[in-house]
Amino acid sequence: MSADANCIFCKIVAGQIPSRKVFEDEDLFAFHDIAPWAPVHFLIIPKLHIPSMAQVGEEHARLLGKIMTLAPQLALEQGCRPYPEGGFRIVTNTGAEGGQEVHHLHVHVMGGPRPWLKG
Ligand code: 5GP
Ligand code: ZN
């Protein structure tokens, strides 16, 4: 499950498709969603091509832990107000019935003043 030549998020990680980057390290990449539902809406993805949460195993525990600990830090940096008045929503759509459109694991982080377009 290394980079998939047909995957738009692998192309974003590789810089072949432009994105508004929020964060990058050796394992993870974060960028603003192209069609935001909320005033703050960015995606955190592993650089590794994992199609969805359905393929996740014990070997990915460290990576998922990194994503989940990065989310609150980036949420504040991107303008979400602090908990409990502010906060944010984390969503990971999985599979067709889970509403997943891009098949490279990603965590949506959404926040900011309501109302939002969706959610
Ligand atoms: P999903 O429905 O798979 O959970 O969400 C995919 C998300 O990726 C959508 O919110 C969509 O707006 C976003 N997206 C799709 N293509 C691109 C793109 O080329 N660039 C960026 N920045 N976001 C994208
Ligand atoms: Zn990919």
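Numbering of ligands and ligand atoms starts at 1, following listing order.
- Arg89 is linked by a side-chain contact (heavy atoms from CB on, under 4.5 Å) to Val91, Met110, Arg114, Trp116, counting only residues two or more places apart in sequence or in another chain.
- Per-residue contacts place Phe31 under 4.0 angstrom from the following atoms of ligand 1 (heavy atoms of the residue considered): 21 (C), 22 (N).
- The shortest N or O to N or O distance between His41 and ligand 1 is not under 3.5 Å.
- Assignment of Val91 to the shell around ligand 1 is not supported, since no heavy atom sits closer than 4.0 Å.
- When each atom of ligand 1 is checked for a heavy atom of His108 under 4.0 Å away, the hits are 1 (P), 4 (O), 5 (O), 7 (C), 10 (O).
- Interface atoms of ligand 1 facing Ala35, defined by a heavy-atom separation under 4.0 Å, are 12 (O).
- Remark: minimum distance from atom 2 (O) of ligand 1 to any protein heavy atom is reached at Gly99 O, 3.1 Å.
- Taking distance alone, with nitrogen or oxygen atoms compared against 3.5 Å, Ile8 stays at or beyond that limit from ligand 1.
- Taking NE2 of His104 as the reference point, atom NZ of Lys11 lies at 13.5 Å (rounded to 0.5 Å).
- Looking only at protein heavy atoms, the nearest one to atom 19 (O) of ligand 1 is Ile12 CD1, 4.1 Å.
- Of the polar atoms of Trp37, none of the N or O atoms is found under 3.5 Å from an N or O of ligand 1, judged by distance alone.
- Residues Ala54 and Thr94 come closest through the heavy atom pair N-CG2, 3.8 Å.
- The nearest pair of heavy atoms linking Lys66 to Asp25 is NZ-OD2, 2.8 Å.
- Within 6.0 Å of CD on Gln16 lie more than 12 heavy atoms contributed by other residues, nucleotides or ligands.
- Using a 4.0 Å cutoff on heavy atoms, Leu43 counts as a contact of ligand 1.
- For atom 4 (O) of ligand 1, the choice among His32, Arg20, Gln100, His106 with the nearest heavy atom turns out to be His106.
- Closest to atom 24 (C) of ligand 1, if we only count protein heavy atoms, is Ile34 CG2, 3.5 Å.
- Within the structure, the ring-ring contact (aromatic ring centres under 6.0 Å, His included) test picks out the following pairs touching residues 5-25 (sequence neighbours left out): Phe9-Phe31, Phe9-His106.
- Here the closest non-hydrogen pair linking Ala71 and Phe42 is O-CZ, 4.4 Å.
- Among the atoms of Cys7, an N, O or S atom falls under 2.8 Å from the Zn ion (ligand 2).
- Considering all non-hydrogen atoms of both residues, Cys10 and Ala3 come closest at SG-CA, 3.7 Å.
- Per residue His104, closest N, O or S atom to the Zn ion (ligand 2): atom name ND1.
- Nearest heavy-atom pair across Lys47 and Leu28 is CE-O, 3.7 Å.
- Counting just the N/O/S atoms of His49, the one with the shortest distance to the Zn ion (ligand 2) is named ND1.
- Distances below 4.0 Å separate heavy atoms of Asn93 from the following atoms of ligand 1: 1 (P), 2 (O), 4 (O).
- For atom 7 (C) of ligand 1, the closest non-hydrogen atom on the protein side is Asp33 OD2, 3.5 Å.
- Across all non-hydrogen atoms, the minimal contact from Leu63 to Ile50 is CD2-CD1, 4.1 Å.
- For the atom pair CD1 of Ile44 and CD1 of Ile90, the computed distance is 7.0 Å after rounding to the nearest 0.5 Å.
- Near Phe9, meaning under 4.0 Å from one of its heavy atoms, ligand 1 places the atoms 8 (O).
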